[in-house]
Amino acid sequence: MYKNLAARLLLLAGTVNAQDPAVVFKDVSGDAGLQLGGGAACWADLDNDGWVDVCAGAVWKNNQGKSFSRIGKVDPGSAIAADFDNDGFVDLFSWSSLKLLRNNGGKDFVDVPLPDLPRVESRGAVWADLNNDSFVDLYVGGYEGSERSLLILINEEGKRFRVERSEGNHATRGVTACDFDQDGDIDVYVSNYRLQPNLLWLNDGQGGFNEVATEYGVIATKPGFGGGHSIGASWGDFNSDGLIDLFAGNFAHVDGRGDQPKSRFLKNLGRQKDFKFEDLGTCGVHYQESYASPSIADYDNDGNLDLFFTTVYGVASFGRKNNSVLFRNDGKFAVQDVTAAAKLTGLPPTYQAAWADYDNDGDLDLTSAGKLFQNQGTPHAWLKIRLIGDGKTINRSAIGAQVRVRAGDKTVTRQVEAGTGEGNQSETALHFGLGDHKGPVNIEVFWPNRAKQSMTGVQTNRMLTVMFKAN
């Protein structure tokens, strides 16, 4: 499991602390036979063999963590994955070409007709059961050149989709979703470009939405600007308080328009404050002009969600330094640039950023810039949890579910999501880094309808599958 000797020795010595040896990444794309496109990446177990596959231009089957082989001739472009017909196999929606591909038993994919759609030049979308009928729906964002910047497609029992809502004139880049207010329905956050305000769509539980970004404090801008140049955002519990916060990534030009809004961490204040947010500012995300798509993951298994942030420009474009950055989170809304220590320097411009434990060894690996970077190991404990809905009350992909793992005096919270940043998707099996915790943990699963399942005394350093059980 642990790929570097220093990590093994440290684990045996039992001296895990803030001075742990740096986690490093290795480009294994060539060894794995993987030839990824440069667009957004999507990780999903397409054939239910327990090894997560990847879609980035083409669809690639994971051969037990050792190599990848291309599946058929299908080329969906950039896609997100969920089981839209609740048949047990994960399907693909290509937001770049507005095509729906049904998974044919993990062997190939079949086009599924969609209703007539307006012209939408999309940069990202999300799967989520927006109306709580146990079938996942689609929220599709539209960028410049689109007739609509908001397109909601409602799933009619896995048989067809209908256009529920089609409107807007924003320059939408990223779309990401979360039940941030813990009321049992999925809300949607939209990243808009061109100094336009970001949007927060509050769900009424039946798929009706009210825009509340100003009221809830998540426009992600500063006085003097109506909004930022947002490209993507990510939900995550950055301080382990059981509340899911938000990171909004901003491109910030250097031009005559002044000091433009930089990226922000937005802290969820919880029920006592009506789940409003506090803008904490950059929290250590140092300035670069051309930040692009953010993606979060606990890459070092210390229990804190870290941030990988890509860039639009190259290392020395326009006379300014721009490069993708890995930021390590201390669990208290303070991050530090660890790109060099992790050996991720010098990546070219990219919007691709997605995480998955492709080799099932308990640490998260990174896909970016058309490459697969293998995590070389950490000494920390971990747990992976795969959730499965029953397809009657809860969608089979369990999108929208949240899980809390109690390890000693720390609670680690994660959510199942399908689409984040600008059109990427990380593995939906939930990954929990547990730091130096030893022994079993306790688990609470909050399903999308807020039904709760609890488990005690769960052993760590393994994969756990949890299926929804109706009371």
Side-chain angles (χ1 to χ4, degrees), residues 22 24-30 34-42 54 56-57 77-78 96 121-124 143-145 171 173-174 191-195 228-234 247-264 282 284-297 299 306-328 335-355 365-375 420-424 426:
V24 299
F25 291 84
K26 177 183 178 182
D27 179 2
V28 296
S29 308
L34 195 56
Q35 301 176 27
L36 295 174
C42 171
V54 65
S78 296
S96 59
E121 302 294 333
S122 183
R123 303 294 293 257
Y143 189 49
E144 294 168 336
R173 302 288 296 255
S191 302
N192 290 319
Y193 204 64
R194 302 299 181 198
L195 295 178
H229 292 296
S230 285
I231 291 180
S234 293
F247 175 79
N250 281 340
F251 192 121
H253 288 295
V254 178
D255 59 24
R257 288 173 290 184
D259 186 14
Q260 295 178 16
K262 299 176 179 63
S263 302
R264 348 277 303 167
T282 62
V285 176
H286 59 71
Y287 176 73
Q288 285 187 155
E289 180 177 8
S290 74
Y291 281 125
S293 188
S295 186
I296 59 172
Y299 78 93
D306 309 298
L307 169 68
F308 181 72
F309 207 178
T310 71
T311 183
V312 179
Y313 297 160
V315 173
S317 295
F318 303 99
R320 294 183 286 272
K321 182 179 179 181
N322 291 272
N323 56 276
S324 297
V325 182
L326 178 63
F327 290 99
R328 185 176 187 266
V335 300
Q336 179 181 7
D337 183 346
V338 294
T339 313
K343 299 189 182 302
L344 288 173
T345 55
L347 296 186
T350 184
Y351 294 105
Q352 188 180 90
W355 297 87
D365 311 294
L366 173 66
T367 306
S368 187
K371 302 291 185 180
L372 173 60
F373 296 96
Q374 184 188 62
N375 189 324
T420 192
E422 191 190 57
N424 292 280
S426 296

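Side chains of Asn250 and Ser230: a donor on one and an acceptor on the other come within 3.5 Å. Neither side chain, Ser293 nor Thr310, offers a donor N or O lying under 3.5 Å from an acceptor on the other.
Side-chain atoms of Thr339 do not come within 3.5 Å of backbone N or O of Val325 as any donor-acceptor pair. With hydrogens and angles disregarded, no donor-acceptor distance shorter than 3.5 Å links the side chain of Asn424 to the backbone of Gln352. Checked by atom type and distance alone, the side chain of Tyr291 never pairs as donor or acceptor with a backbone atom of Lys262 at under 3.5 Å. A donor-acceptor pair is defined here as one N or O able to donate and one able to accept, closer than 3.5 Å; no such pair exists between the side chain of Glu144 and the backbone of Glu121. Side chain of Ser426 to main chain of Trp355: a donor-acceptor pair is present (N/O by atom type, distance under 3.5 Å, no hydrogens or angles). Without hydrogens or angle criteria, Asn323 side chain to Gly346 main chain gives no donor-acceptor distance under 3.5 Å.
Taking NZ from Lys371 and CG from Leu347, the interatomic distance works out to 10.0 Å, rounded to the nearest 0.5 Å. Atoms CD and OG, from Gln374 and Ser29 in turn, are 10.5 Å apart once rounded to the nearest 0.5 Å. Going from atom CZ of Phe251 over to atom CG of Asn322 covers 7.5 Å, rounded to the nearest 0.5 Å. Rounding to the nearest 0.5 Å places CG of Leu372 at 8.5 Å from CG of Leu366. How far OG of Ser263 is from CD1 of Ile231: 9.5 Å, rounded to the nearest 0.5 Å. From Ser295, atom OG reaches atom CD of Glu422 across 12.5 Å, with rounding to the nearest 0.5 Å.
For the pair Ala252 and Pro261, the tightest heavy-atom approach, listed with the atom from each and the gap, is CB-O, 3.8 Å. Minimum interatomic distance between Ala41 and Thr367 (heavy atoms only, all atoms of both residues): CB-CG2, 3.9 Å. Of all non-hydrogen atoms in Gly232 and Ser191, the two that sit nearest each other are C-OG, 3.4 Å. Of all non-hydrogen atoms in Leu326 and Ala342, the two that sit nearest each other are CD2-CB, 3.7 Å. The two residues Ala248 and Ala233 make their nearest non-hydrogen contact at CA-CB, 4.0 Å. Contact record, Ala292 with Val312: CB-CG2, 3.7 Å, taken as the closest heavy-atom pair.
Crowding of Gln336 atom CD: a count of heavy atoms from other residues, nucleotides or ligands under 6.0 Å not exceeding 12.
Figure legend: Arg123 and Tyr351 shown as a cation-pi pair, the cationic atom lying under 6.0 angstrom from the six-membered ring centre and within 45 degrees of its axis.
Taking the six-membered ring for Trp and the full ring otherwise, the centers of Phe309 and Phe247 sit less than 6.0 Å from each other.
Side-chain contact check for Thr420 versus Pro294: every heavy-atom pair is 4.5 Å or farther apart. Taking 4.5 Å as the limit, every side-chain heavy atom of Asp306 sits out of range of all side-chain heavy atoms of Val335. At a threshold of 4.5 Å between non-hydrogen side-chain atoms, the residues Tyr299 and Phe308 do not count as touching. Side-chain contact check for Tyr287 versus Asp259: every heavy-atom pair is 4.5 Å or farther apart.
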Could you go step by step and tell me if Ser324 and Leu344 meet the side chain to side chain contact (heavy atoms under 4.5 Å, CB included) rule? CA-CA 8 Å; Ser324 297; Leu344 288 173; over 6 Å; no

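Between His229 and the choices His253, Glu289, Arg173, the side-chain contact (heavy atoms from CB on, under 4.5 Å) rule is met once, by His253.
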